[in-house]
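To keep things clear, I will list the structure first and then write my remarks on it.
Note on naming: letters A, B, ... go to the chains in the order of the sequence lines (proteins, then strands), and numbering restarts at 1 for each one.
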Protein chains: 2
Amino acid sequence: MAEGTGGPGGGESLLFLTDEQLRKGIEAMFFAYRAFTADPDRILEGMDYGRAHHRAIHFIHRSPGTTVTNLLSVLGVTKQSLNRVLRRLIKDGLVESRVGRQDKRERHLVLTGKGAALERELSDAQRARMRAAYRAAGPAAVQGFRQVLEAMMDPQLRRQYQTLKEAGS
Amino acid sequence: MAEGTGGPGGGESLLFLTDEQLRKGIEAMFFAYRAFTADPDRILEGMDYGRAHHRAIHFIHRSPGTTVTNLLSVLGVTKQSLNRVLRRLIKDGLVESRVGRQDKRERHLVLTGKGAALERELSDAQRARMRAAYRAAGPAAVQGFRQVLEAMMDPQLRRQYQTLKEAGS
DNA sequence: CTTGGAAAGTCAACAAGGCTGACATAAACC
DNA sequence: GGTTTATGTCAGCCTTGTTGACTTTCCAAG
């Protein structure tokens with residue numbers, strides 16, 4: 001690990017860019033993502049919800065009062081797909097859809113108590129795994145982890161991520 | 001960026017384990033995985049293959065001559081799901097299925113020239129993205145990236161990943 | 001005030017890719 | 001010979017993605 005010289009110069013130590021290293025990174029993403037979604041999937045199975053419901057709940061919790069169009073662009077699916085999921089969540093009393101005050105065409109989405117409870121259960125599980133991984137890998141590794149993930153995103157995705165990131169805290 | 005002291009000590013700075021930090025990690029995984037699969041998805045769309053075909057091709061390339069059962073456990077799907085995909089790939093002449101010599105019940109899977117060509121096209125695209133991300137983040141970040149991903153995996157998944165990892169190079 | 005267009009919702013149809021269950025075959029193993 | 005293992009296949013189901021067509025609501029520009 002004599003890589004301390006990693007300035008923005010360019011080609012000084014490209015060992016870590018071998019196809020072999022890249023392939024390991026690709027496979028690490030594949031297996032890690034499976035683990036990453038495993039806990040919520042387990043909780044949701046049987047209660048007849050899937051990953052799509054989880055994602056909707058996560059981002060509604062994240063940005064309470066968000067509009068359907070907004071959610072659409074964050075999730076990157078069609079409104080028909082999202083609508084099916086939202087209809088179900090609203091019918092089951094997990095999400096409330098409020099007509100906009102300024103623009104009454106818009107629907108502002110918020111979690112109900114019941115919805116927030118499920119969100120907590122799901123994100124507790126996911127955070128527990130993330131916390132364990134962070135602890136095992138250490139602070140420096142965590143920083144690198146996030147740097148690489150951000151660098152992997154397309155500019156448009158990165159912008160959305162950044163916007164969300166700043167909105168927190 | 002004053003994190004140079006990240007030794008294997010343990011509990012020295014737990015600031016990075018706030019729910020806020022964990023949530024950022026979770027969302028980074030979500031957006032990055034979307035970007036990660038975007039290039040292969042784009043290539044495959046229209047030629048009527050999907051992510052499932054990509055995964056099969058990747059791991060057959062990775063472990064030429066692997067058996068169906070083996071592939072099943074790496075991919076984590078049912079044999080009916082995998083079979084549908086494999087039948088298609090064999091019919092289209094991308095994969096060859098050879099009866100085992102020692103154990104004639106087994107089928108050994110290998111890519112044909114055509115299959116290898118598609119594999120190259122797909123992995124070139126995926127590697128290019130990974131290379132750009134690695135370059136942007138630097139060697140230290142790459143190490144952290146892989147450490148966190150590995151720590152996130154369940155022991156069983158990690159074992160599979162490790163086995164594959166060693167098999168390379 | 002009327003009309004164009006944006007935002008939202010709905011219906012219908014379809015496909016990929018997961019899943020379960022049941023069953024068939026061949027080969028290996030005991 | 002009976003059991004287990006590896007594979008394949010049929011049928012049917014679900015979730016979650018897609019497109020296309022259409023309606024309703026409502027803001028805003030003409």
Side-chain angles (χ1 to χ4, degrees), chain A residues 30 33-34 37-38 40-60 65-92 95-110, chain B residues 30 33-34 37-38 40-60 65-92 95-110:
Chain A
F30 173 70
Y33 196 77
R34 247 192 20 218
T37 57
D41 284 356
R42 205 174 309 114
I43 292 169
L44 291 165
E45 102 176 346
M47 58 195 295
D48 252 37
Y49 293 127
R51 249 179 238 183
H53 302 89
H54 179 198
R55 292 195 286 258
I57 287 173
H58 174 96
F59 285 108
I60 292 172
T66 187
T67 63
V68 172
T69 304
N70 196 347
L71 199 51
L72 233 42
S73 93
V74 171
L75 295 175
V77 297
T78 59
K79 84 182 156 163
Q80 292 90 334
S81 269
L82 176 58
N83 193 254
R84 179 171 34 199
V85 167
L86 280 182
R87 222 184 311 162
R88 176 80 194 290
L89 292 174
I90 290 167
K91 186 188 63 131
D92 293 356
V95 167
E96 199 185 330
S97 169
R98 294 178 187 156
V99 173
R101 286 200 297 185
Q102 272 92 26
D103 186 336
K104 293 180 191 164
R105 292 168 303 179
E106 294 180 343
R107 301 300 136 97
H108 297 279
L109 303 166
V110 288
Chain B
F30 172 71
Y33 196 76
R34 251 198 7 226
T37 57
D41 284 356
R42 205 174 308 114
I43 292 169
L44 291 165
E45 102 177 346
M47 57 194 295
D48 253 39
Y49 293 126
R51 248 178 240 183
H53 302 89
H54 179 197
R55 292 195 286 258
I57 288 171
H58 174 96
F59 285 108
I60 292 171
T66 187
T67 63
V68 173
T69 305
N70 195 346
L71 197 53
L72 235 41
S73 95
V74 170
L75 295 175
V77 298
T78 60
K79 85 182 157 161
Q80 292 91 330
S81 275
L82 176 58
N83 194 255
R84 179 172 30 197
V85 166
L86 279 183
R87 220 184 311 164
R88 177 79 194 289
L89 292 174
I90 290 167
K91 186 189 62 133
D92 293 357
V95 168
E96 198 185 331
S97 169
R98 294 177 186 158
V99 173
R101 286 200 298 181
Q102 273 92 27
D103 187 335
K104 293 180 191 164
R105 291 170 306 178
E106 295 180 341
R107 301 300 137 95
H108 297 281
L109 304 167
V110 287

Seminar exercise, completed: Separation of C:dT10 atom P from A:Leu82 atom CG, nearest Å, is 12 Å
Exercise. Going 5' to 3' along nucleotides 24-30 of chain D, which nucleotides have protein heavy atoms under 4.0 Å from the base (write B), which only from the sugar-phosphate (write S), and which from neither (write -)?
Worked result: -BBS---
For this session: Check the distance between C:dG18's C1' and B:Leu72's CG and give it to me in whole angstrom.
Result: 13 Å
Problem set entry | Separation of C:dA7 C1' from A:Asn83 CG (nearest whole Å) | 12 Å
Problem set entry | Those residues that, when tested against A:Arg98, pass side chain to side chain donor-acceptor pair (under 3.5 Å) (two or more places apart) | A:Glu96
For this session: In whole angstrom, give the distance that lies between atom CG of B:Leu86 and atom P of D:dA6.
Result: 16 Å
Show me the side-chain donor-acceptor pairs of residues 50-57 of chain A shorter than 3.5 Å, one per line, residues at least two apart or across chains.
from: A:Arg51; atom 1: NE; to: A:Asp41; atom 2: OD1; distance (Å): 3.3
from: A:Arg51; atom 1: NE; to: A:Asp41; atom 2: OD2; distance (Å): 3.2
from: A:Arg51; atom 1: NH2; to: A:Thr37; atom 2: OG1; distance (Å): 3.2
from: A:Arg51; atom 1: NH2; to: A:Asp41; atom 2: OD2; distance (Å): 2.9
from: A:His53; atom 1: ND1; to: A:Gly50; atom 2: N; distance (Å): 2.9

For this session: Identify the heavy atoms of B:Leu109 and B:Ile60 that sit nearest to each other, and give their distance.
Result: O-CG2, 3.7 Å
Exercise. Residues in side chain to side chain donor-acceptor pair (under 3.5 Å) with A:Tyr33, at least two apart?
Worked result: none
Seminar exercise, completed: Rounded to whole Å, the CG-C1' distance (A:Asn70 to C:dA6) equals 16 Å
Problem set entry | With B:Asn83 via side chain to side chain contact (heavy atoms under 4.5 Å, CB included) - residues at least two apart | B:Arg87
Exercise. Which whole-number value in Å describes the distance from B:Leu89 CG to D:dG8 P?
Worked result: 13 Å
Seminar exercise, completed: Hits for salt bridge (charged side-chain N to carboxylate O under 4.0 Å, His left out) against B:Arg34, two or more places apart or cross-chain, chain-then-number order -> none
Exercise. Just wondering, do A:Leu75 and A:Phe59 contact through their side chains at under 4.5 Å, heavy atoms?
Worked result: yes
Problem set entry | Short side-chain N/O contact from A:Thr78 to OP1 or OP2 of D:dG17, under 4.0 Å | no
For this session: Report, as a single string ordered 5' to 3', how protein heavy atoms within less than 4.0 Å touch nucleotides 11-16 of chain D: B base, S sugar-phosphate only, - not at all.
Result: ----SB
For this session: Nearest whole angstrom, please: distance from the C1' of C:dG21 to the NZ of B:Lys79.
Result: 11 Å
Problem set entry | Whole-Å gap separating P (C:dG17) and CG (B:Leu44) | 9 Å
Exercise. Residues two or more places apart in sequence or in another chain: which of them pass salt bridge (charged side-chain N to carboxylate O under 4.0 Å, His left out) with A:Arg42?
Worked result: A:Asp39
Problem set entry | Those residues that, when tested against B:Asp103, pass side chain to side chain donor-acceptor pair (under 3.5 Å) (two or more places apart) | B:Arg105
